[in-house]
Visitor: 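Input: one structure, supplied below.
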Amino acid sequence: MAIQLRPWKAEDRAAIAALCDAVDRRFLSDRLPQPYTEADADSWLCYVRQHDEKEGLFRAILVDGEVVGMISAEQKQDVYRKDAELGYSLATNRWSQGVMTEAVRQFCPLAFAALGLVRMTGMVYEENIASRKVLEKNGFVLEGTLRKAVIKAGRGQNLCIYGKLNPEAEG
Ligand SMILES: CC(C)(COP(=O)(O)OP(=O)(O)OC[C@H]1O[C@@H](n2cnc3c(N)ncnc32)[C@H](O)[C@@H]1OP(=O)(O)O)[C@@H](O)C(=O)NCCC(=O)NCCS
């Protein structure tokens with residue numbers, strides 16, 4: 001199984017729409033449109049074109065050449081600008097095969113270098129065990145828990161804050 005990251009292309013709009021429409025939303029923000037259409041994918045691709053390698057890094061995840069997921073780092077601003085928030089999601093039929101663990105492993109050095117980061121932050125609902133494992137297997141450390149910080153489907157959940165430092169950064 002070959003796992004690769006590459007920049008997004010306009011031709012990915014159908015794949016993005018399919019991926020985001022079917023994504024498991026239990027642990028994601030409610031901002032993601034539902035249903036998620038190709039027009040939503042176009043708006044997002046436009047955002048990516050404006051921000052990629054400036055205030056963020058956005059990459060498609062490919063398994064054996066097929067787009068199966070997405071991964072991004074969105075840089076913070078002002079005094080927090082040396083930090084970026086990591087985000088990712090994967091098509092359900094590819095879960096538990098080590099795909100995201102490998103994608104995060106490849107992505108971290110790219111994001112650190114492209115954005116000049118000192119650290120990266122992962123914010124994960126406490127019950128999202130798979131995502132927490134992905135971060136922990138990539139050297140992210142649990143730095144704290146925001147109690148009942150999330151309200152999802154009418155239920156309060158704790159939010160785990162994970163951090164990874166850039167080994168190459170001095171700041
Ligand atoms: C979270 C997500 C990216 C994980 O991707 P993945 O490729 O399946 O992850 P990996 O296979 O690399 O590793 C997952 C680990 O969690 C474990 N796992 C998977 N589901 C689990 C569950 N329900 N409970 C406990 N462990 C679980 C796997 O066994 C694996 O651990 P192991 O390597 O020790 O065996 C994927 O489930 C997803 O896209 N979820 C929906 C979107 C989302 O939640 N994004 C993250 C927001 S912070």
Side-chain angles (χ1 to χ4, degrees), residues 1-6 8 12 14-37 40-41 44-45 47-48 51 56-76 80 83-112 115 117 119-165:
M1 182 167 63
I3 300 166
Q4 294 166 306
L5 306 183
R6 70 149 164 78
W8 290 102
D12 293 324
I16 294 166
L19 201 60
C20 292
D21 196 49
V23 73
D24 184 323
R25 292 164 186 261
R26 273 175 304 159
F27 302 119
L28 297 182
S29 146
D30 289 335
R31 273 184 315 179
L32 193 70
Q34 188 174 28
Y36 193 103
T37 65
D40 294 316
W44 185 75
L45 281 165
Y47 176 85
V48 167
H51 296 278
L57 194 72
F58 304 84
R59 292 291 177 266
I61 302 170
L62 279 69
V63 170
D64 297 334
E66 181 197 353
V67 175
V68 297
M70 48 218 310
I71 186 164
S72 63
E74 298 212 48
Q75 198 159 1
K76 301 183 184 187
Y80 308 110
D83 186 12
E85 188 175 333
L86 180 65
Y88 43 71
S89 66
L90 184 68
T92 318
N93 66 338
R94 294 290 183 173
W95 284 14
S96 290
Q97 298 164 26
V99 174
M100 198 56 78
T101 298
E102 172 59 17
V104 170
R105 191 193 67 76
Q106 292 182 24
F107 185 75
C108 286
L110 297 178
F112 283 147
L115 304 173
L117 301 173
R119 59 169 281 139
M120 213 153 13
T121 299
M123 297 171 63
V124 187
Y125 303 0
E126 193 171 47
E127 294 172 10
N128 194 351
I129 304 296
S131 185
R132 294 176 60 182
K133 282 196 175 180
V134 166
L135 294 178
E136 287 163 6
K137 284 190 287 182
N138 275 289
F140 280 76
V141 173
L142 179 61
E143 296 176 329
T145 302
L146 303 184
R147 293 169 300 157
K148 302 285 183 194
V150 173
I151 178 82
K152 182 75 184 181
R155 198 164 63 83
Q157 287 193 50
N158 296 338
L159 183 66
C160 295
I161 311 297
Y162 282 88
K164 180 180 171 81
L165 298 183

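Everything numeric here is computed off the predicted structure, so don't read it as measured data. Remember, it's 1-based here, ligands and their atoms both numbered in the order they're listed.
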Visitor: Mind listing the N or O contacts between ligand 1 and protein, cut-off under 3.5 Å?
Guide:
unit_1: ligand 1; atom_1: 7 (O); unit_2: Met100; atom_2: N; d: 2.9
unit_1: ligand 1; atom_1: 8 (O); unit_2: Ser96; atom_2: N; d: 2.7
unit_1: ligand 1; atom_1: 11 (O); unit_2: Gln97; atom_2: N; d: 3.4
unit_1: ligand 1; atom_1: 11 (O); unit_2: Gly98; atom_2: N; d: 2.8
unit_1: ligand 1; atom_1: 12 (O); unit_2: Thr101; atom_2: N; d: 3.0
unit_1: ligand 1; atom_1: 12 (O); unit_2: Thr101; atom_2: OG1; d: 2.6
unit_1: ligand 1; atom_1: 33 (O); unit_2: Lys137; atom_2: NZ; d: 2.3
unit_1: ligand 1; atom_1: 39 (O); unit_2: Leu90; atom_2: N; d: 2.8
unit_1: ligand 1; atom_1: 44 (O); unit_2: Asn128; atom_2: ND2; d: 2.9
unit_1: ligand 1; atom_1: 45 (N); unit_2: Tyr88; atom_2: O; d: 2.9

Visitor: Do you see a donor-acceptor pair shorter than 3.5 Å between the side chains of Asp83 and Thr121?
Guide: yes

Visitor: Check salt bridge (Lys or Arg N to Asp or Glu O under 4.0 Å) between Glu127 and all other residues, then give those that pass, not counting sequence neighbours.
Guide: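 Once residues adjacent in sequence are excluded, the partners of Glu127 under the salt bridge (Lys or Arg N to Asp or Glu O under 4.0 Å) criterion are Arg155.
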
Visitor: May I ask you to say whether Arg105 pairs ionically with Glu102, meaning some side-chain N is under 4.0 Å from a carboxylate O?
Guide: yes

Visitor: When rounded to the nearest 0.5 angstrom, what is the spacing between CD in Gln157 and CZ in Phe27?
Guide: 6.5 Å

Visitor: Provide the closest heavy-atom pair for Phe140 versus Val104 in the form atom of the first, atom of the second, distance.
Guide: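 What the structure gives for the nearest pair is CE1-CG1, 4.2 Å.
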
Visitor: Just checking Arg25: does its CZ atom have more than 12 heavy atoms from other residues, nucleotides or ligands closer to it than 6.0 angstrom?
Guide: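 Yes, the 6.0 Å shell around CZ holds more than 12 heavy atoms from other groups.
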
